[in-house]
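Comments concern the structure below.
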Amino acid sequence: MREKKLLSKSYDPHPVETRWSKFWLEENLFVADVDSSKPKFSMVLPPPNVTGVLHMGHALCFTLPDIIVRWKKMQGYNTMWLPGTDHASIAVHNVIEQSLAEKGLSREKIGREEFLKLAWDWKNKYGGVITEQLKRLGCSLDWSRERFTMDEGFSRAVKYVFVSLFKENLIYRDYYLVNRCPRCRTVLSDIEIEHKEVKSKLWYIKYPFPDSDDGIIVATTRPETMLGDTAVAVHPEDDRYARYHGQKVILPLQNRLLPVIADETVERDFGTGAVKVTPAHDPTDFELGKKHQLEQIIVIDGNGKMTEAAGEAFQGLDRFECRQKVVEKLEEIGLLVKIEDYTHVVGHCYRCKTIIEPHLSWQWFVRIEPLAKEATRVVEEKKIVFIPENWTKTYFEWMYKIHDWCISRQLWWGHRIPAYYCQDCGHLMVEMDEPKACQKCGGPVQQDEDVLDTWFSSALWPFATLGWPEKTRDLEVFYPTDLMATGFDIIFFWVARMIMMGLKFMKDIPFREVFINGLVRDMKRRKMSKSEGNIIDPLEMIDKYGTDALRFTLSSLAVPGMDISLSEDRMAGYRAFANKIWNASRFVLMNLSDEEPDRINRKDLSLPNRWIRSRLFRVSHQLSASLKEYKFYEASEAIYHFIWHEFCDWYLEFIKPELRQGNRTTQEVMEDILKKILGLLHPFMPYITEEIWHHLPGTGRSLLESSWPEPPADWLDEEAEITMNFLQEIISEIRTIRAENRLPLKEKVNLWICGNSHQKSMAEPYEAAIRQLAGVEGIEFVQELPVDRKLLRGVAGTTEVGIQVARTIDLKAEKERLEKEIAKTKEDISKLEARLNNDDFLKRAPAIVVEEHKQRLVELKLKQEKLARSWQELVN
RNA sequence: GGGCGGUUAGCUCAGGGGCAGAGUGCCGGUCUUACAAACCGGAGGUCACUGGUUCGAACCCAGUACCGCCCA
């Protein structure tokens, strides 16, 4: 006797998830073996922010690769999926500053050391939240290799990279106009700026000539910056202003003399064609200023407040207050000519949405072109491919016009820049370890105050996590990784930079394929955001529907290159699917043989067994093919349909009579098929499949360790598929007739089947199943249907069926049903005939297509004939 | 301004030169000894528009409209 554990009546995900999630970790099922002889498949997880909370974007971005990893593992790969978290410099920094502000404190007040202590405390307290949530999602991550971007080894790798790049002159320090967020009080790189349209004004201001009331009118969107103007510029070929080249105008409010310069970058169509030039506060003006050697006057400081240089009247004002005041003053002195409504694009901080301020300061930059060149080349040469492919274009577009990368941030939480300045002579030293004294004059040294852009360290993720710069075995075995799965929003931030750094320091690509998943949107296709209040919380969904249902929903909606509109209805549908599998398994368990299975002999297999094996063969290949191309939706659809509508609806129903007779072979096939189904479904729904697996006798430690079901080619059985299809048609036809005539299943009927001898021989052995599935009592095969007023007639394929009922039938309804079907058939026939009567079609269409059309026409005509006869019988 | 994607059933979406598909919702029926989170049946479509290529176009090409995203 074998051990069988029966299942409860419905599936309750939560205890199951808790149990297996714990089991997988305790048994180290996800831990990769560096000495394995199997081929490796490795990935690194895009590290979520250490203080983050799981959202639907994560859920998608982590579920899809998990499907791949589990599938690969079952296929016999030595899989390694490395998890970790990112220190999220600016995000954490903001949180700590905010909590300080609430207590009336500031980072300056408590100092760097104390601040960092608070940040680490915060990290230690909340850093585990997201990793626990990842475990709930069921991700098969190798937690023994978990890393943090600020752990000791990683920090050393970051420092090493900085020092190396500096020594190679690929990192430099420069006084440059950069984007600064006055609220976050740090500079940001170009791609951290969000450009958004803003409704604003265009102010026209007159800059008078020294010796007349006349002047040049300039238009500006930022009147407050005029306080720092050092020129007025016009286009050299603009006739309106030609005579003023080289002359001077007076800068109102400041009463400075400004030169009128000519430069072809001036847009003649903008405003009056004359523009004010503020080199310290506008990127275009900055370039212009450099070209014409203009003075840079800083009138706005890094916090958005007006400086002393702005003048007594404005000093200390916020930049927007100042704008107001400047406009008022100009109006007072009659130099404000007019104000127009104006819509233009303004840069905002990607984190806090504050309008950024161009800010002139000393910053660190990565010289990007040499790195970008290599990174572009490997994609051009298809050493790295994007999936879907069209993201390649996006990648190239950015790479071709890339700017140097500003990597310094005026924050404290992060990797502090390993640059040291001599207090005495100002000498700059960039070293792995802090120099004790100035290498030049022996004076005391001080470290640079700034930290590095978070993305600088993230860029090293695929190799620094594996122990680099040490030469580790992990690095040797698992680098380069095979797949990177992430969102398109960080192709520039992260993917491109990983490629650059990987090539630079490992001399090899960091990954071979980049799978870009879509954005998760709500039902109205809107981006989910806290402020919109349209967030669908994955944890809430897990509580409500179970992890497997959530995973399957995401997978079934994941069409490469498309965003996902998430609906809760869909999730409810897949919870039902989980329950369906549960109950099908329950049925199987209730009907299992008590004895050890024998070897299944192919000759003993009845039709449904041959059919389901053939179907499973096809589905298993379909799944592998779909997953290979990351068509998760296609794979999900295939396994869903197979389990529910073939295995449950037809196979299990069909074999009930055989099971009742205690057919051992059928019992064994059924068990085998279920086991294989669980395997095929496991990557998508790991929890429920593992749970059921352990209820089945003779199974191992974990379903994840069993091999991916790939039945041998001799499972394919076209004959069984044809026969089964024929029976399905007959049964469906009878069911339709019954439903249309309100004949409940318990009202047993007699059935006539009128087909040729071949059809008869196909159906005859399965009378029991037909009885079971169509509620039939007696079955008779006849040459012609008898003339009988109480006979309901129909045509299944080309086979006529008639069912006899005890009571009088509703002639009208039955007539209507037949008429409808006749009309439909007629329509199909005329479409086909039209085509077959077309000489061009016969001449030019492939022979096989023509043959198919002809065949179909013959069948339809036969059907029409039979339907007409049935109808005739009815009206007589 | 440049680029990318979309427009197919009430809704959410697949498909991609030769029969218009799925899930969900809707309508009707059924507690058929695994499952009412189920089962059986049914209705529901100018495949955005205009033109072209083709024997044949929802599908390929060109253009238009609308929606969304990215970059300046």
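Residue numbers start from 1 in every chain, and the chains themselves are labelled A, B, ... in the order their sequence lines are given, proteins ahead of strands.
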Can a side chain N or O of [X] be found less than 4.0 Å away from OP1 or OP2 on [N]?
X	N	answer
A:Trp644	B:C39	yes
A:Lys9	B:C35	yes
A:Lys656	B:U33	no
A:Lys746	B:U32	no
A:Tyr400	B:C71	no
A:His645	B:C39	no

What contact category does [X] fall into here, base, sugar-phosphate, or nothing, at under 4.0 angstrom with non-hydrogen atoms?
X	value
A:Val588	nothing
A:Asn579	base
A:Arg735	sugar-phosphate
A:His403	nothing
A:Arg586	sugar-phosphate
A:Tyr640	sugar-phosphate
A:Asp839	nothing
A:Thr736	sugar-phosphate
A:His195	sugar-phosphate
A:Arg817	nothing

Determine the Euclidean distance between corresponding [atom1] atoms of [M] and [N]; express it in Å to zero decimal places.
N	M	atom1	answer
B:C19	B:C71	C1'	45 Å
B:G3	B:G23	C1'	34 Å
B:G21	B:C26	P	23 Å
B:A72	B:A14	P	29 Å
B:U54	B:A62	C1'	16 Å
B:C47	B:A58	P	7 Å
B:C40	B:U32	P	14 Å
B:C59	B:U53	C1'	13 Å

Rounded to the nearest Å, what distance is computed from the [atom1] atom of residue [X] to the [atom2] atom of nucleotide [N]?
X	N	atom1	atom2	result
A:Lys544	B:A37	NZ	P	16 Å
A:Ile692	B:A34	CD1	C1'	11 Å
A:Leu557	B:G15	CG	C1'	16 Å
A:His348	B:C70	NE2	P	14 Å
A:Arg738	B:G28	CZ	C1'	16 Å
A:Phe841	B:C19	CZ	P	10 Å
A:Asn390	B:G6	CG	P	9 Å
A:Leu652	B:C39	CG	P	12 Å

Can you identify which nucleotide, out of [options], has its nearest atom closest to the [X] side chain?
X	options	result
A:Arg835	B:C55, B:G18, B:U33	B:G18
A:Asp840	B:G28, B:A37, B:C55	B:C55
A:Cys648	B:A72, B:G18, B:A34	B:A34
A:Asp649	B:C71, B:G15, B:C40	B:C40
A:Lys393	B:G3, B:U24, B:A37	B:G3
A:Ala739	B:G18, B:G41, B:C55	B:G41

Decide, yes or no, whether a salt bridge links [X] with [Y] under the criterion of side-chain N to carboxylate O below 4.0 Å.
X	Y	result
A:Glu357	A:Arg222	yes
A:Glu733	A:Arg817	yes
A:Glu767	A:Arg771	yes
A:Lys353	A:Glu194	yes
A:Glu671	A:Lys675	yes

Six-ring centre of A:Tyr640, A:Lys580 cation under 6.0 angstrom, axis tolerance 45°: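 The answer is no; the distance or angle limit is not met.
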Polar pair under 3.5 Å, donor/acceptor by atom type, side chain A:Glu653, base B:A34: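 Such a pair is found, so the answer is yes.
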Donor-acceptor pair under 3.5 Å, A:Lys580 side chain vs B:C35 base: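 By the distance-only test, yes, there is a pair.
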Parallel, tilted or perpendicular: rings of A:Tyr400 and A:Phe396 (30°, 60°):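 Parallel.
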5'-to-3' dot-bracket of RNA chain B (Watson-Crick, G-U; under 3.5 angstrom; crossing pairs as [ ]; | other strand): (((((((..((((....[..)))).(((((.......))))).....(((((..]....)))))))))))).
RNA chain B: 5'-proximal contact among A:Gln772 and A:Glu740 (nearest heavy atom):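 The residue closer to the strand's 5' end, by nearest nucleotide, is A:Gln772.
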A:Lys631 or A:Leu745, whichever maps to the more 5' nucleotide of RNA chain B: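 Taking each residue's closest nucleotide, the earlier one in sequence belongs to A:Lys631.
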Value rounded to 0.5 Å, distance of OG1 in A:Thr486 from CZ in A:Phe488: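 It is 10.5 Å, given to the nearest 0.5 Å.
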Test log, rule salt bridge (Lys or Arg N to Asp or Glu O under 4.0 Å), inputs A:Lys863 and A:Glu821: CA-CA 10 Å; A:Lys863 182 173 184 177; A:Glu821 210 173 334; 3.6 Å; yes
All side-chain contact (heavy atoms from CB on, under 4.5 Å) counterparts of A:Lys831, not counting sequence neighbours: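 Testing A:Lys831 for side-chain contact (heavy atoms from CB on, under 4.5 Å), a comparison that skips the adjacent residues, returns A:Glu827.
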Closest contact, heavy atoms only, A:Phe492 versus A:Trp398: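 What the structure gives for the nearest pair is CE2-CB, 3.1 Å.
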